[in-house]
Amino acid sequence: MQIATDIASFTCICCPLGCEVEVSFDEQGGVADIAGHSCKRGAKYAANEAVRPERTITAVLPVAGCLEPVSVKTAGAVPKVLVRDGLRAIAGLRLEAPVHAGQRLLGDVCGTGVDVVATKSVF
């Protein structure tokens, strides 16, 4: 029988139920048990959040030659500890019109292998 040394609690954001999920850790800091989830997605979310939390970064940037700013986001999740560095890298972008939805604006943000893309077109 494995004994948990620590327990963390998370509110699942995978669906509107908002399950209160508890993650128990083993002696090595790995996930020993997950309880309180209503679906497999909730269990996966809590396990990931407990060990290596990730976030999608979103921002709005000005575009030279256009009065309307463009919204951007990372094409995937990046480690939570790199969000601030990712925002700094995104803020350093200097964009010129036109910018097209889906256009890759910055590759491999903070060495994560994740690109920053435009989420809308501006002309």
Transitive ILVMFWY side-chain link [X] to [Y], under 4.5 Å:
X	Y	value
Ile57	Val81	no
Val99	Val116	yes
Ile34	Val51	yes
Val117	Ile90	no
Phe10	Val83	no

Side chain to side chain donor-acceptor pair (under 3.5 Å) with Arg41: which residues, sequence neighbours excluded? none
Glu20: partners by side chain to side chain donor-acceptor pair (under 3.5 Å), with sequence neighbours left out: Ser9, Thr11
For residues 101-109, run the donor-acceptor check on the side chains, cut-off 3.5 Å, and write out each pair with its distance to 0.1 Å, sequence neighbours left out.
unit_1 : atom_1 : unit_2 : atom_2 : d
Gln103 : OE1    : His100 : N      : 2.9
Arg104 : NE     : Asp115 : OD1    : 3.4
Arg104 : NE     : Asp115 : OD2    : 3.3
Asp108 : OD1    : Thr112 : N      : 3.2
Asp108 : OD1    : Gly113 : N      : 2.4

If you compare all heavy atoms of [X] against all heavy atoms of [Y], which two are closest, and at what distance to 0.1 Å?
X	Y	answer
Leu61	Ala91	CD2-CA, 4.3 Å
Val63	Ala97	CG1-N, 3.3 Å
Ala8	Phe25	CB-CE1, 3.7 Å
Val21	Ala46	CG1-CB, 3.4 Å
Val70	Ala118	CG2-CB, 4.1 Å

Mark yes when over 12 heavy atoms from residues, nucleotides or ligands other than Arg55 sit less than 6.0 Å from its CZ; otherwise mark no. yes
Just wondering, are more than 12 heavy atoms of other shown residues or ligands nearer than 6.0 Å to NZ in Lys120? yes
When rounded to the nearest 0.5 Å, the distance separating SG of Cys110 from CG of Asp85 is 5.0 Å
